[in-house]
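Here is the structure we will look at.
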Amino acid sequence: MLQVPFIRENRDQVIQGLAKRNKDFTTQIDAIIALDETRRKTQNDLDNLLAEVNKLSKEIGEMMKSGRKDDAEKIKPQVASLKEQIKTLETTLAETEEAQKQLLYQIPNVPNEIVPVGKTADENVEVYRWGSVPTLGDNKKPHWELIEEYDLIDFELGTKITGAGFPVYKGKGARLQRALINFFLDEATAAGYREFQPPLMVNEASGYGTGQLPDKEGQMYHVGVDDLYLIPTAEVPLTNLYRDVILKESDLPVKMTGYTPCFRREAGSWGAHVRGLNRLHQFDKVEIVQLVHPDQSYAILENMVEHVKQLLQKLGLHFRIIRLCGGDMGFTSSLTYDFEAWSGAQERWLEVSSTSNFETFQANRLKCRFKNADGKTQLVHTLNGSALALPRIVASLLENNQDANGIKIPEALVPYTGFDRISK
RNA sequence: GGAGAGGUGGGUGAGUGGCUGAAACCAACAGUUUGCUAAACUGUCGUAGGGGGUAACUCUUACCGGGGGUUCGAAUCCCCCCCUCUCCGCCA
């Protein structure tokens, strides 16, 4: 969430920036500033009263010690009346802070200045394109037909044992998953990211830390008996590893990677074009996360984009990078690049990665800070990106590399799959 | 799940009602000494909020797992919750 002092000192700039999200936040911002005034005033009054009580208590202590018990008894009523006032102020303070927090939770991150203005995905800006549309014959098949033909993934079985959106990978289909995961992890490790295997369930505090709660409550599976959430992305546990941590400046950047399954309810988002692997409740993803010095975060974002770019190039997939417009950006992000791979048979782009800079928006909730050169604690910037999400990569790969007799495996992947072709 | 023990600053660990935001030691950082390293010595060394000052700085409040309570006063007493450890049970 945004920092209140920042809002206070940059009111107009914040409101203007947020306008890119096609909503006027003036009312909320002004309310936050007003509540902050109240909060500070109340805090000040309260502190003065507490100081008075502390002083009197000390005096009573000394009187007791020197045997002047009667004098001590005379002061006690004074303290009692102060405590009445303290109680009132404490209530006011707690209510003010709560009200302010509720408002803050509703304010998304301020988009970076280069974020394009726009309302929908149509207004995103393409910034890079690589490769070309594969030439496939008239007999080209969508991936859901290919996986059936070559017996790679079974949706019916998944539906039987769990439900829709939980596919069962079989044989070479399963091996392909494992190959992609290992390939992505190896690439991330080679790029200096440290590999982690985090828990797949997180508590409420972690959900708030990275901003999934309260914003996207309905998107996560919640395990009621133990009050835990299944992770929608490795970003959540990985970033939360550094919740409430103060790093040394020399520790930065912290680079982490991890493979995890991801669980998303995707409530209400099932439509016509979500067949096959296009949208799932459980899918695999390798994530890269960085905690960095604020001065470097945008250079590092470029770096991460470059990393993802190379993965797609090594897989030989026709893809493009788009800069999301204000209306299409996630709640917590200030700048997001989406990667879309071409799906040869569906003849459309599929989102396979989303790489973002969150600046201090997550760090503020996480309380992830570092000691800067002046010895002051300062919030880090957090970034993350999918590198990469598997299902749509598989969809794209199967469709684009199909021929009459099977599917060709990209060369970079062969050491991992152990086969260079999928055929009958 | 049952029984017991315990949760204090980066770490170890003192502290059972006021003199403790917290001893001591270690680590860390800065400096002195030194041909270099080591050692020794000196100093610094929690976080957050509020007030005052251009600033250096200064005053103040809160925090000893979390939340309530008792008391003029709580790290210290009481209650609830969470977590850790040991033993037992169960188990991949």
Side-chain angles (χ1 to χ4, degrees), chain A residues 1-9 32-101 103-104 197-209 213 222-229 237 240-252 254 261 291 360 362-380:
Chain A
M1 76 194 142
L2 297 176
Q3 299 168 84
V4 177
F6 179 80
I7 293 177
R8 202 202 305 150
E9 286 155 28
I32 287 169
I33 293 172
L35 284 166
D36 192 49
E37 290 295 323
T38 307
R39 194 200 103 243
R40 285 151 72 204
K41 169 94 174 59
T42 311
Q43 178 75 257
N44 200 8
D45 295 347
L46 178 61
D47 282 359
N48 289 337
L49 292 179
L50 286 170
E52 184 66 14
V53 167
N54 285 346
K55 201 184 104 210
L56 290 176
S57 295
K58 211 159 252 175
E59 283 174 17
I60 290 174
E62 273 153 28
M63 288 170 179
M64 300 292 243
K65 227 176 254 173
S66 58
R68 290 179 289 147
K69 212 173 169 196
D70 293 347
D71 290 344
E73 287 305 324
K74 275 184 220 153
I75 300 182
K76 285 192 186 183
Q78 263 188 64
V79 178
S81 104
L82 284 175
K83 286 184 79 175
E84 287 291 310
Q85 301 175 51
I86 285 171
K87 201 140 226 162
T88 312
L89 286 181
E90 276 178 342
T91 309
T92 309
L93 186 64
E95 284 169 359
T96 308
E97 284 176 342
E98 179 60 26
Q100 191 183 56
K101 201 173 78 180
L103 279 172
L104 279 168
Q197 244 184 64
L200 305 181
M201 288 195 260
V202 294
N203 56 29
E204 198 179 49
S206 297
Y208 274 95
L213 293 175
H222 182 229
V223 182
V225 270
D226 294 302
D227 197 16
L228 295 171
Y229 294 87
N240 271 283
L241 295 177
Y242 285 88
R243 174 152 45 87
D244 289 318
V245 169
I246 299 178
L247 293 153
K248 284 184 282 190
E249 188 165 347
S250 58
D251 292 333
L252 302 177
V254 174
L291 313 176
T360 59
Q362 289 183 329
N364 189 32
R365 285 199 199 177
L366 288 163
K367 294 204 192 68
C368 178
R369 293 156 294 175
F370 71 102
K371 258 206 207 311
N372 66 23
D374 300 332
K376 297 237 158 69
T377 52
Q378 193 181 341
L379 294 170
V380 302

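Values below: all heavy atoms of this structure, side chains included; hydrogens, waters and symmetry mates excluded. Here the structure is a predicted model, which is why all the values come from computation and not from measurement. Protein chains get the first letters and strands the later ones, always in sequence-line order, with residue 1 at the start of each.
- A/P261 is linked by a side chain to side chain contact (heavy atoms under 4.5 Å, CB included) to A/L200, A/Y259, A/F263, A/Q282, A/D284, counting only residues two or more places apart in sequence or in another chain.
- Residue contacts shown for A/T377 are limited to sugar-phosphate atoms, with no base heavy atom under 4.0 Å away.
- If you measure from atom CD of A/E37 to atom C1' of B/G50, you get 13 Å, rounded to the nearest angstrom.
- Rounded to whole Å, the separation between the C1' atoms of B/A38 and B/U47 comes to 36 Å.
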- Summarise how protein sits on nucleotides 59-81 of chain B as a single string, 5' to 3': B when a protein heavy atom is under 4.0 Å from the base, S for sugar-phosphate-only contact, - for no contact. -SSS---------BS--------
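- Between A/R39 and B/G49 there is no side-chain polar atom (N or O) within less than 4.0 angstrom of OP1 or OP2.
- Between A/R40 and A/D36, at least one side-chain N (NZ, or NE/NH1/NH2) sits under 4.0 Å from a carboxylate O, which counts as a salt bridge.
- Of all nucleotides present, none satisfies the Watson-Crick or G-U wobble test against B/C19 with each distance under 3.5 Å.
- When both distances must be under 3.5 Å, the Watson-Crick or G-U wobble mate of B/U32 is B/A40.
- When the side chain to side chain contact (heavy atoms under 4.5 Å, CB included) test is applied to A/M63, the partners found at least two apart in sequence or on another chain are A/R68, A/D71, A/A72, A/I75.
- One atom, CD of A/E90, and another, C1' of B/G50, lie 15 Å apart when rounded to the nearest Å.
- Under the rule for a side chain to side chain contact (heavy atoms under 4.5 Å, CB included), the partners of A/E98 that lie at least two apart in sequence or sit in another chain are A/K101, A/Q102.
- For B/G13 and B/C82, the C1' atoms lie 24 Å apart once the distance is rounded to whole Å.
- Across every strand in view, B/A24 sits in a pair with B/U12 that passes the Watson-Crick or G-U test at under 3.5 angstrom.
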Between the protein and nucleotides 51-56 of chain B, which nitrogen or oxygen pairs are less than 3.5 angstrom apart?
none

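- B/C82 atom P lies 11 Å from atom CG of A/D226, rounded to whole Å.
- Residue A/I75 contributes atom CD1, which lies 19 Å from atom P of B/G18 at whole-angstrom precision.
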Using distance only, find each side-chain donor-acceptor pair of residues 80-93 of chain A under 3.5 Å and give its atom names and separation, not counting sequence neighbours.
from  : atom 1 : to    : atom 2 : distance (Å)
A/S81 : OG     : A/Q78 : O      : 3.4
A/T88 : OG1    : A/E84 : O      : 3.2
A/T91 : OG1    : A/K87 : O      : 2.9
A/T92 : OG1    : A/T88 : O      : 3.0

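- To the nearest 0.5 Å, the span separating CZ on A/R365 from CG on A/L213 amounts to 8.5 Å.
- Remark: A/N364 pairs with A/M1, A/Q3, A/L379 by the side chain to side chain contact (heavy atoms under 4.5 Å, CB included) rule, at least two apart or across chains.
- Atom name C1', nucleotides B/G21 and B/G46: the rounded distance is 9 Å, in whole Å.
- For residues 364-371 of chain A, proximity to RNA chain B is found at A/R369, A/K371, defined as any non-hydrogen atom under 4.0 angstrom from a strand atom.
- As the counterpart of B/G4, B/C85 is assigned, both hydrogen-bonding distances of the Watson-Crick or G-U wobble pattern falling under 3.5 Å.
- Pair assignment for B/C45: none, as no Watson-Crick or G-U wobble contacts are both less than 3.5 Å.
- Remark: A/K76 pairs with A/E73 by the salt bridge (Lys or Arg N to Asp or Glu O under 4.0 Å) rule, at least two apart or across chains.
- The C1' atoms of B/U60 and B/G2 are separated by 50 Å, rounded to the nearest whole Å.
- Evaluation of the side chain to side chain donor-acceptor pair (under 3.5 Å) test over residues 41-54 of chain A, restricted to residues two or more places apart or in two chains, returns A/K41-A/D45.
- The C1' atoms of B/A74 and B/G15 are separated by 13 Å, rounded to the nearest whole Å.
- One atom, CD of A/E62, and another, P of B/G18, lie 13 Å apart when rounded to the nearest Å.
- The ring pair (Phe, Tyr, Trp, His ring centres under 6.0 Å) check on A/F370 picks up A/H293, with sequence neighbours excluded.
- Remark: P of B/C83 and CD of A/E204 are 14 Å apart, rounded to the nearest angstrom.
- Here, B/U37 and B/G53 have their C1' atoms 47 Å apart, quoted to the whole Å.
- Across the C1' atoms, B/C90 and B/C80 are found 28 Å apart, a figure rounded to whole Å.
- Within 6.0 Å of CG in A/D227 there are more than 12 heavy atoms belonging to other residues, nucleotides or ligands.
- As rounded to whole Å, 14 Å separates atom P of B/U47 from atom CD of A/Q378.
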Output a table of donor-acceptor pairs, distance under 3.5 Å, between side-chain atoms of residues 201-208 of chain A and any protein atom two or more places apart or on a different chain; print 'none' if there are none.
from   : atom 1 : to     : atom 2 : distance (Å)
A/N203 : OD1    : A/A205 : N      : 3.4
A/N203 : OD1    : A/S206 : N      : 3.1
A/N203 : OD1    : A/S206 : OG     : 3.1
A/S206 : OG     : A/R243 : NH2    : 2.8

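- Using a distance-only test at 3.5 Å, with no hydrogens or angles considered, a donor-acceptor pair links the side chain of A/Q100 to the main chain of A/I32.
- Using N1 to N3 plus N6-O4 or O6-N4 for Watson-Crick, or N1-O2 and O6-N3 for G-U wobble, each under 3.5 Å, B/A56 pairs with nothing.
- Taking atom P on both nucleotides, B/C64 is separated from B/A56 by 29 Å, rounded to a whole Å.
- In this entry B/G73 has no Watson-Crick or G-U wobble partner, no candidate having both defining distances under 3.5 Å.
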